[in-house]
Amino acid sequence: MEADSTTYESNAKTEVSKPGLPFNTCPGNGQLYNDFINNDSDQRLEWKLVERLQAFGLLPKQFKCISNKPDCKVVCKTARVIDRVQWVCEGCGKRQPIRTGSFFFRLQCSILQALQIILAWCEDADLVVAAEHFGIKPRVATLIYDRLDELVVKEQNKRKLGGENSVVLAEMYPDCVNRLSPDTTDQPHAHRILMLADTNHIPTSYWLHVIKDDSKKISGDDSDNQVLKLEIEEVVRNVVTPNSLVVTGNNVPLIEGASSIQQLFQHCDVDMQHFLSTRIWRQAVSLCCASRSACSNTLAAAACGAAAQRYLTTALYRLRFNDGLYRRILELVAADYTDNSCDNDS
Ligand SMILES: [Zn+2]
């Protein structure tokens, strides 16, 4: 544990505004986007894009003719279609969209627009603003955002905290901040969020779990506490590597196999105590605060909880990849959607 290296802010790159984009971009994300759309050749951009996306793995590099006759041979050709390129069989003449077997298949926008909306998602840009700016239907942009959320939640859920000789801290939001600054906002429901932090990781790795079936009445009722304890134990079992030391903060019930923060403090100096009780949570608390915008009067608490959870899980993934996120997301999209079954097969 090192008390001087806490949050992601220290390694975050400065975002810059780029002409032609309605949101700021991290330099790495912006550079990759430019590499896709830059065109100093005399070929059409759509043609260059297809080449680059094939090289990246976002479009299949080869395609098998559906007629599957002996003299079938499919090639890329320019065409009067939205993508300006399509697969054409020189044997039987059959044509197929260039997007077949990819993320872009049947999306009702151009490939360029899809790349722009994916960039917008990576920069956590407002969907409505981005959709309008790039001239894409909000419905289609929402579909892309949803697909990316889904991919990222799946990836983030594979993540484990802790390990040999690791300490994983547990604390409860908002209880841990209410003590310092009582909550005065008029929120329809305040979700409690279990925060886990891996102290061995720099920057700190977190896990944030919205407590299910939560209500504002946080009582000293024993049966409520028992339910909460079981839920916390289940999260810890799923998320924390078994050989780690789990340390519960002052606002988390002591769960099986865990130590309390007071026990840990006996071995720490004052600086380390301050770090472990306050500073280590700073980034997690700010995400929890931001997740409250997922709450609304029109949704039931459970639906809000699910929306808040999705926000938090994707936010943790965004933090992990920071400036490399656009590349990372496109790699995930390629791995999940691109049909490579015709490759290495001439
Ligand atoms: Zn054919």
For the atom pair CG (N243) and CG (N165), what is the distance rounded to the nearest 0.5 Å? 8.0 Å
With a 4.5 Å cut-off on side-chain heavy atoms, are L245 and S259 touching? yes
Can F265 and S277 be said to form a side-chain contact (heavy atoms from CB on, under 4.5 Å), step by step? CA-CA 10 Å; F265 278 175; S277 56; 3.9 Å; yes
Find the distance between OG1 (T100) and CD1 (I98) and round it off to the nearest 0.5 Å. 8.0 Å
Can you tell me how far apart CZ (F134) and OG (S110) are? Round to the nearest 0.5 Å. 10.5 Å
Is there a side-chain contact between L169 and L196 (heavy atoms, below 4.5 Å)? no
Is the backbone N or O of K212 less than 3.5 Å from a side-chain atom of E231, with the two atoms forming a donor-acceptor pair by type? yes
Run E150 and R147 through salt bridge (charged side-chain N to carboxylate O under 4.0 Å, His left out) and show every step you take. CA-CA 5 Å; E150 222 172 275; R147 281 188 187 178; over 6 Å; no
Would you check if there is a donor-acceptor pair between the side chains of E171 and N251 at a distance under 3.5 Å? yes
Geometric class of the F63/W87 ring pair [parallel <30°, tilted 30-60°, perpendicular >60°]: parallel
The reported gap from CD in E155 to CD1 in I329 (rounded to nearest 0.5 angstrom) is 8.5 Å
My understanding is that only one of Y317, W121, Y311 makes a side chain to side chain donor-acceptor pair (under 3.5 Å) with D149; could you say which? W121
Pair N340-T338, side-chain donor/acceptor within less than 3.5 Å: no
E233 side-chain N/O to E256 backbone N/O, donor-acceptor pair under 3.5 Å: yes
Which pair of non-hydrogen atoms, one from A258 and one from T248, has the smallest distance, and what is that distance? CB-CG2, 4.0 Å
Give me the atom names and distance for the closest heavy-atom approach of Q96 to Q86. O-CB, 3.4 Å
Go through the steps to decide whether F36 and F56 satisfy the test ring pair (Phe, Tyr, Trp, His ring centres under 6.0 Å), and finish with yes or no. CA-CA 10 Å; F36 281 126; F56 195 94; 5.7 Å; yes
Nearest heavy-atom pair of Y145 and A125: which atoms, and what distance? OH-O, 2.8 Å
Rounded distance [0.5 Å steps], NZ in K154 versus CD in Q156: 14.0 Å
Note, I117 side chain near L127 side chain (heavy atom, < 4.5 Å): no
State whether the number of non-hydrogen atoms from other residues, nucleotides or ligands found under 6.0 Å of Q43 atom CD is greater than 12. yes
Side chains of S41 and N39: donor-acceptor distance under 3.5 Å anywhere? yes
Could you walk me through whether V168 and V247 pass the side-chain contact (heavy atoms from CB on, under 4.5 Å) check? CA-CA 6 Å; V168 175; V247 175; over 6 Å; no
Does L32 share a hydrophobic cluster with I37, counting links as ILVMFWY side-chain heavy atoms below 4.5 Å and allowing steps through other members? yes
Donor-acceptor contact below 3.5 Å, side chain Q309 vs main chain L208: yes
Between C65 and K73, does a side-chain contact (heavy atoms from CB on, under 4.5 Å) hold up when you go through it step by step? CA-CA 7 Å; C65 182; K73 187 178 184 298; over 6 Å; no
Test applied, side chain to side chain contact (heavy atoms under 4.5 Å, CB included); reference residue, L276; option that passes from Q273, H274, M272, R279: M272
Side chain to side chain donor-acceptor pair (under 3.5 Å) evaluation trace for Q116 with Y33: CA-CA 8 Å; Q116 288 163 334; Y33 173 70; 3.0 Å; yes
Taking side chain as C-beta onward, heavy atoms only, is N157 less than 4.5 Å from W207? yes
Is the shortest side-chain heavy-atom distance between L58 and Y337 below 4.5 Å? no
Taking L59 as the starting point, is it possible to reach I82 by hopping between hydrophobic residues whose side chains are less than 4.5 Å apart? no
Do V74 and K64 touch side chain to side chain, with heavy atoms closer than 4.5 Å? no
Take atom CD of E132 as the centre, draw a 6.0 Å sphere, and report whether it contains more than 12 heavy atoms from other residues, nucleotides or ligands. no
Does a salt bridge link E51 with K48, judged by any charged N lying under 4.0 Å from a carboxylate O? yes
Decide side-chain contact (heavy atoms from CB on, under 4.5 Å) for Y173 and V285; before the verdict, give the C-alpha distance in whole Å, the side-chain angles of both, and the deciding distance to 0.1 Å. CA-CA 7 Å; Y173 173 91; V285 164; 4.1 Å; yes
Between S102 and F104, is there a donor-acceptor pair closer than 3.5 Å when you use the side chain of the first and the backbone of the second? yes
Are L330 and L53 packed together at the side-chain level, in the sense that at least one heavy-atom pair is separated by less than 4.5 angstrom? no
Step by step, work out the salt bridge (charged side-chain N to carboxylate O under 4.0 Å, His left out) result for D198 and K160. CA-CA 9 Å; D198 185 335; K160 298 269 181 205; over 6 Å; no
For the pair D124 and R318, evaluate salt bridge (charged side-chain N to carboxylate O under 4.0 Å, His left out) and give the outcome as yes or no after the intermediate values. CA-CA 9 Å; D124 205 8; R318 283 196 173 94; 3.6 Å; yes
Heavy atoms from other residues, nucleotides or ligands near CD of Q262 exceed 12 (cutoff 6.0 Å): yes
State whether the side chain of T199 and the backbone N or O of V167 hold a donor-acceptor pair below 3.5 Å, judged by distance alone. yes
Go through it in stages, so that I can follow the logic: the residues are R310 and D146, the test is salt bridge (charged side-chain N to carboxylate O under 4.0 Å, His left out), and I'd like the CA-CA distance, side-chain angles, deciding distance and then a yes or no. CA-CA 10 Å; R310 178 154 110 159; D146 284 348; 2.9 Å; yes
Q113 side chain to G135 main-chain N or O, any donor-acceptor pair under 3.5 Å? yes
Test of understanding: clusters of I, L, V, M, F, W, Y form through side-chain heavy atoms closer than 4.5 Å, transitively. Do I211 and V239 belong to the same one? yes
Between N29 and E123, is the side chain to side chain donor-acceptor pair (under 3.5 Å) condition met? List the steps. CA-CA 8 Å; N29 293 344; E123 300 295 355; 2.9 Å; yes
Heavy-atom pair with the smallest gap, counting every atom of C304 and H191: CB-NE2, 3.3 Å
Would the distance check show the side chain of R99 and the main-chain N or O of L107 forming a donor-acceptor pair, the cut-off being under 3.5 Å? yes
Side-chain contact, heavy-atom cut-off 4.5 Å: D175 with M172? yes
Within this structure, what is the CG-CG distance for the pair L49 and N38, rounded to the nearest 0.5 Å? 11.0 Å
Is a donor on one side and an acceptor on the other found under 3.5 Å between the side chain of Q54 and the backbone of P60? yes
Donor-acceptor pair, distance only, cut-off 3.5 Å: does the side chain of T241 make one with the backbone of S244? no
If you count heavy atoms of other groups shown closer than 6.0 angstrom to CZ of R328, is the number above 12? yes
